[in-house]
Visitor: 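If you scroll down you'll find the structure; I have some questions about it.
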Amino acid sequence: MPLLNQLLQAGRFSGGIDDLIALRNEELEERTAWEYYLHRIFDQSFEEFREQAKPPQELQNLQQYDSRYVETTIEKSKGILQKFKGKGVS
């Protein structure tokens with residue numbers, strides 16, 4: 001509860017929760033990869049296995065594109081709302 005109160009007071013509740021979820025997901029991903037490696041991979045080091053398991057560069061670029069697309073969409077939406085406000089519609 002103290003952590004939640006601090007996040008609320010700092011105005012970072014949503015961002016803080018997102019950070020906690022991302023941290024937990026990274027931990028789970030690492031543990032799952034390790035368990036898989038222990039039971040299925042016999043001819044590589046763990047580092048080699050993790051390197052090979054990374055998503056291709058095309059997918060990483062797609063994730064960046066999606067972020068820009070979302071930002072652009074938000075800005076366009078704000079512009080549309082501003083036009084409505086200018087016409088006296090609320």
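For clarity, every value in this text was computed on a predicted model and none was experimentally measured.
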Visitor: Does the side chain to side chain contact (heavy atoms under 4.5 Å, CB included) test come out yes or no for H39 and E35, once each step is laid out?
Guide: CA-CA 6 Å; H39 298 287; E35 290 294 325; 3.5 Å; yes

Visitor: Rounded to the nearest 0.5 Å, what's the gap from CD on E51 to OG on S45? Could you check?
Guide: 10.0 Å

Visitor: Between Q52 and F49, is there a donor-acceptor pair closer than 3.5 Å when you use the side chain of the first and the backbone of the second?
Guide: no

Visitor: Rounded to the nearest 0.5 Å, how far apart are CG of L81 and NZ of K76?
Guide: 14.5 Å

Visitor: Go through the structure and list residues passing side-chain hydrogen bond (donor to acceptor under 3.5 Å, both in side chains) with Q9, not counting sequence neighbours.
Guide: none

Visitor: Going by side-chain heavy atoms closer than 4.5 Å, which hydrophobic residues are tied to L23, directly or by a chain of links?
Guide: none

Visitor: Quick one: do L8 and L3 end up in the same hydrophobic cluster if we chain Ile, Leu, Val, Met, Phe, Trp and Tyr together by side-chain heavy atoms under 4.5 Å apart?
Guide: yes

Visitor: Please work out whether the ring planes of F46 and W34 are parallel, tilted or perpendicular, with thresholds of 30° and 60°.
Guide: perpendicular

Visitor: Taking only residues at least two apart or on different chains, which pairs with a member in residues 10-31 satisfy side chain to side chain donor-acceptor pair (under 3.5 Å)?
Guide: R12-D19, E30-R50

Visitor: Please answer: with hydrophobic residues joined when any side-chain heavy atoms are less than 4.5 Å apart, are L38 and L28 in the same cluster?
Guide: no

